[in-house]
Amino acid sequence: MIDLRSDTVTKPTEEMRRAAYEAEVGDDVYGEDPTIQKLEKEAARILGKEEALFVTSGTQGNQIAVLTHTQPGNEILLETNSHIFYYESGAVAAFAGVQTRTITGTNGEMDPYEIEAAIRTEDQHFPETGLICLENTHNRAGGAVVSPENMQAIHAIAKKHSIPVHVDGARLFNAVAATGRGVREFTDHCDTVQICLSKGLGAPIGSIIAGDHHFIGKARKWRKRLGGGLRQAGVIAAPGLVALTKMRERLWEDHEKARRLKETLQLCKGVEVINEVDTNIIVADISGTGMKAEQFVDDLEKKGVLAVTFGPTLVRFTTHFDVTMDNIEEVSRILKENF
Ligand code: TLP
């Protein structure tokens, strides 16, 4: 089976497994796990933030960020198709008690003027705008890169209104690899950031949130409240450290594979690639085949390829470490034979 459902499906490398086995550990709730400390220090350095905190998942990291930045009754601004809004089971309402106000972006980028217009003024009728969330790369926009310039413009507005900016950077390093820009060119334009170790970077588990000392102090407490205070967590941090230090530089390979697959998909009858394919995600509208996405995905599965539905007639393909260029050629052959 060639699994293009997500970059979350990657299995830990030999080196990651060895690192887990050999990890030096201690009780992290007591602040005594040296491997966790090493990972957090390295992540903070790479992301250009004062401190970092290891969390179990991207969702947990985003939720801790929202909980830490906001008060119940606040309103948060975020993109209509953002993961926090679309895919986190309503967690911001369930846990943080905030309401969401969505702004529809173009290729994942929100218009800074629309953001400024949406910021609430002082009025007893209105909720306070407590947070602005960005996503980079933007998953539902097809792994689209949000430019540092767009982030900078939004951050400037946020600062003017004393509103923090959080970036869901589950795939931030894909944006870095695709643009050749420095990590900090992105992270300088936000107060906090979440990055996933377990997507393109290939770790089996874990995410990082980073921000200033005050934010991380509060976030650590929220993590504990949510049951995310872990004990000998070095065994899961060690593969994360390998992911962070060794796997970033190969993400461009996944982008090459995605571009190759895009070429094939564009030649298939009734299939239209609807995103730019900046990084490792391809979104295809398959309505021209007369099929629904579910049927298309089921048929592909029977031929040995896994993808996910992304809407009634949309299908997402995601390239990653565990699919080779040869696998992509095989997918191309299967697609050509059938469409
Ligand atoms: N995305 C998953 C699914 O949840 C949709 C995927 O297969 O793409 N932010 C972004 C931008 C994400 O794409 C994801 C996962 C998360 C956060 C959540 O990360 P986890 O799965 O670690 O909670």
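Numbering of ligands and ligand atoms starts at 1, following listing order.
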(message) Under the criterion side chain to side chain contact (heavy atoms under 4.5 Å, CB included), I'd like the reasoning laid out for Ile209 against Val193: C-alpha separation, chi angles, the key distance, then a yes or no.
(response) CA-CA 6 Å; Ile209 47 175; Val193 57; over 6 Å; no

(request) Show your reasoning for whether ring pair (Phe, Tyr, Trp, His ring centres under 6.0 Å) applies to Phe310 and Phe317. (result) CA-CA 10 Å; Phe310 222 43; Phe317 300 85; over 10 Å; no

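By the 6.0 Å and 45° rule, Arg140 stacks over the aromatic ring of Tyr86.
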N or O contacts of ligand 1 with protein under 3.5 Å, please list pair by pair.
from	atom 1	to	atom 2	distance (Å)
ligand 1	1 (N)	His83	NE2	3.3
ligand 1	4 (O)	His83	NE2	2.9
ligand 1	7 (O)	Ser6	OG	2.7
ligand 1	7 (O)	Arg316	NH2	2.9
ligand 1	8 (O)	Asn139	ND2	2.9
ligand 1	8 (O)	Arg171	NH2	2.8
ligand 1	8 (O)	Arg316	NH1	2.9
ligand 1	8 (O)	Arg316	NH2	3.4
ligand 1	9 (N)	Asp168	OD1	3.0
ligand 1	9 (N)	Asp168	OD2	2.6
ligand 1	13 (O)	Asn139	ND2	2.9
ligand 1	13 (O)	Arg171	NH1	2.9
ligand 1	19 (O)	Lys199	NZ	2.9
ligand 1	22 (O)	Gly58	N	2.8
ligand 1	22 (O)	Lys199	NZ	3.4
ligand 1	23 (O)	Gly58	N	3.4
ligand 1	23 (O)	Thr59	N	2.9
ligand 1	23 (O)	Thr59	OG1	2.6

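Listed for the Glu50 side chain is a donor-acceptor partner under 3.5 Å among the backbone atoms of His213.
By the 4.0 Å N-to-carboxylate-O rule, Glu330 lies close enough to Arg333 to be salt-bridged with it.
Glu135 is not listed as a side-chain neighbour of Val146, based on a closest heavy-atom distance of 4.5 Å or more.
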